[in-house]
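Each ligand, and each atom within it, is numbered from 1 in the order the structure gives. Computed from heavy atoms alone, side chains included, the values below leave out hydrogens, waters and symmetry copies. Predicted, not measured: the structure shown is a model, and the values here were computed from it.
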Amino acid sequence: MIFLDKARELEQRQVDFVEKEIDHQLILNEQEYQKAQLETSLVEKNYGQNAKINTFEVDDQMETNAEVQQQKQLVAKNLENEKILAQQVETLKQLKDSPYFGRIDILDPGEDEPETLYIGTASLVDDSQNFLIYDWRAPISSIYYNGTLGKVTYETPMGELETTLEKKRQFTISGGKIINMFDTNETVGDEMLQQVLGEHSDEYMRNIVATIQQEQNDIIRDTKHDLLLVQGVAGSGKTSAILQRIAFLLYHSRDKLSADQIVLFSPNLLFSHYISEVLPSLGERNMRQVTLAEFLAQRFQGLKVETLFDRYEKAKDLTSLQKKIRAQKESAHFMAQIEDYLKQLKPTEICFADITLDGGHIFFSKEEITAIYQDLPQLMKPAQRFHETKNILIKRLNKRIKSEAKKDYVLAQVDNLTDAQYYQLLGNKQRGRFQAIDDETDFLARKIVTKKFEVIYDALYNNYFLDIYAQYEHFLQQVLPTGNASFSNNLEYHRIALEDCTPLLYLRDLLTGSGQNQGIAHLFIDEMQDYTLPQLIYLKYIFPNAKLTLLGDSEQALFNPLQTPQKLLTTLETELKPKSSRVVSLNTSYRSTSQITDFMKALLPDGETIHSFTRAGKLPKVIMTETNTEGLLSLKQELTSLLKTNDTVALVTQNKEQAQQLFEQLHREFETNLLGNEDRLIPKGVVILPIYLAKGLEFDAVVAYDISAKNYPLDQLGVLYTICSRAMHELSLITIGAPSPLLAQIPNTSYQLEKRLTLK
Ligand SMILES: Nc1ncnc2c1ncn2[C@@H]1O[C@H](COP(=O)(O)OP(=O)(O)OP(=O)(O)O)[C@@H](O)[C@H]1O
């Protein structure tokens, strides 16, 4: 005990010492920051004055332009500098509160004395280049996450190194004071994790760097594979792992990779907001984030794109023929059929469209465009041929601009230009500096005509001379005639079904050679079980240089059938053709108490593979009622009781309709928030939301209502499992009438049963 107190005292002294250094660096940084701010404002002021210089005389104008450009560059450089300093100040402030969370003592081969290293969210180096804190992403820090005491190895850019881990210590430091510390031989000890997981849910997800588990560390630090498939049970830290992985990748390829080259497809806007603070808390900029709905809406402007949620809501009303058609459109084979279709497509079958000028006057007719395409060598690929057709059309447009510019009406317009219009059209050119006066007139006349024909250029640029909808219909008529009616019908009402979106885009992009983004280096897809193979194939196609990290849990599949991780990997290897791939399974659920995890496990036929993390809580409750009135009364009582000890209580429903109904029934008595598609914030108190909006989220307590045989037949397993797995500390299920058969397989020791019987 005395020894422990002594050790703690020594460690607190070390913390104090580091804090002093942080204070010192903070003062210096803040001074630098203020200096940089002052410099920027001086340059800006100077820039403002220069910009006011008389620009009527041509020479003055040239001089001013050059000076202004120089000033502009200076401002940009200063602002960049300011941004870096501001970021450093921010990092130092974060370190000041909690400088580090780990310590390792290592003895390198040939050394007599072990070296002590402290590990935190960022590195801290003193004036003599001594590392007072090592960034958690540094190669040596991997020992903290992976190693148990004794001989260990770690990867460095120069290859694998060996050392001996003599001590591993974990800390909780807050406000510069050690709250808790202990030595451990485990990878990262349970005690600290229990403490973190026992806390209440927050508006934002937190980073997990202090307690990353070994199997999560494997995902975070994997730089070898082009396709990393993570299949993890609910709450196993998939989302957490990818966010730390992004921070890791940014750190490791600092000079080659920027946050803009990373795209994360997230399940909904609530989730996007929920995870938005993790990277900034690690001193990194956020990656680009998009939902599939946003991505598609951008590409189908003017059409209402069916969302995953619409698809889910209407799934129950589909006829068996509709289901069959949808399954065909959602198969990888369908994408292959598009490729085959294009290989044998005749030029006359390409659905070119007229390009018209305002007022409907045909500028390039579809016959003219078809003829151009037809005359090009047959050996060319469709995309090349299309591209060449476009080039020829642009050349013809330029020729037309040239000849049109000579017409009298245009020359008359040049004569009538005001001074301001004249200078605006001249742009960077200097008045009176053309070789001949006619050149200047010709230049201006062409500018006027170019402006007039801008719509034609836009149409060419955007490939509007291809009627892609007609083309897709033509394709459907050839390969899946039964699938054409619904597509055409939707189009008439300016709608498009989700299953038609990616095949249509793929057809368009292959035909026109457009749509690809070579600059994206990493593509992350969360909740990948909700994506169809054509969607994944298309995303891989448009981001050809991106390494893929796909995360999912097939048990939480709301839309697609279950698949084992290995089978899924084989399918993805065939369809996405990565150079190297790896599947990682995460089987421990960290989110929920062990009682809730055990309950969820029992729901699943193969649930024994799930491990619950040892965090104790109350048994989940199953409240059985017989009538709607009784069910509602029990629900109100349960919410009241849960609100006493939980910040956020979520009533998660199967669909939007149920959520709306419950909101109507509750909002007069409870401060209740009904969450919809466009919501970004999760308020405290009672929130009501359909399951597809709760994907990826977690709440202190979850209530599932009316878990009756009618609402939850056996095929609703994925939905019920996902609802239950959103709960961190408490879970209650209320049944009305005959309970769902899904509850039958749960041993009655796994929950607390309450029966509310009607007194007749
Ligand atoms: N190593 C860890 N240390 C601390 N907390 C962790 C760790 N791993 C996971 N958690 C916590 O467990 C919860 C679930 O994590 P996360 O949301 O990343 O899991 P998930 O696998 O994406 O879940 P789901 O698929 O159910 O949405 C979060 O609160 C997260 O902070």
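Residue contact check: V233 has heavy atoms under 4.0 Å from atoms 21 (O) of ligand 1. Atoms of ligand 1 lying under 4.0 Å from at least one heavy atom of Q213, given by number and element, are 1 (N). Close approach of ligand 1 to G237 (heavy-atom distance below 4.0 Å) involves ligand atoms 9 (C), 15 (O), 16 (P), 18 (O), 19 (O), 20 (P), 21 (O). The contact set between ligand 1 and G696, taken as ligand atoms under 4.0 Å from a residue heavy atom, comprises 27 (O). Using a 4.0 Å cut-off to heavy atoms of A234, the atoms of ligand 1 that qualify are 26 (O).
Salt-bridge annotation for R221 and E155: absent, with no side-chain N of the basic residue lying under 4.0 Å from a carboxylate O of the acidic one.
For the residue pair N217/N146, the side-chain donor-acceptor check at 3.5 Å is satisfied. For the 3.5 Å distance criterion, the side chains of N646 and E730 qualify, holding a donor opposite an acceptor.
With distances taken over non-hydrogen atoms, the option nearest atom 12 (O) of ligand 1 out of Y590, Y274, Y145 is Y590. Comparing K238, E698, E215, M728 by heavy-atom distance to atom 28 (C) of ligand 1, the nearest is E698.
Contacts of L197 with ligand 1, taken as heavy-atom pairs under 4.0 Å, involve the side chain alone. Only the side chain of M205 comes within 4.0 Å of ligand 1, judged by heavy-atom distances. Counting heavy atoms under 4.0 Å from ligand 1, residue R206 does not touch it at all.
At a 3.5 angstrom cut-off on N or O pairs, G235 counts as close to ligand 1. By the 3.5 Å distance cut-off applied to N or O atoms, R591 is counted among the residues near ligand 1. In terms of N/O distances under 3.5 Å, ligand 1 is approached by T211. Below 3.5 Å of separation, one finds an N or O of S236 facing an N or O of ligand 1. The shortest N/O to N/O separation between S240 and ligand 1 falls below 3.5 Å.
Across L243, L228, T549, a single residue satisfies side chain to side chain contact (heavy atoms under 4.5 Å, CB included) together with F524, and that is T549. Of the listed residues (K167, R8, R103), just one forms a salt bridge (Lys or Arg N to Asp or Glu O under 4.0 Å) with D183, and that residue is K167.
The shortest separation from a heavy atom of R726 to ligand 1 is under 4.0 Å, placing the residue in contact.
Cation-pi geometry between K695 and F271 is not met at under 6.0 angstrom from the ring centre and within 45 degrees of the axis.
Between R582 and D218 the shortest side-chain heavy-atom distance falls below 4.5 Å.
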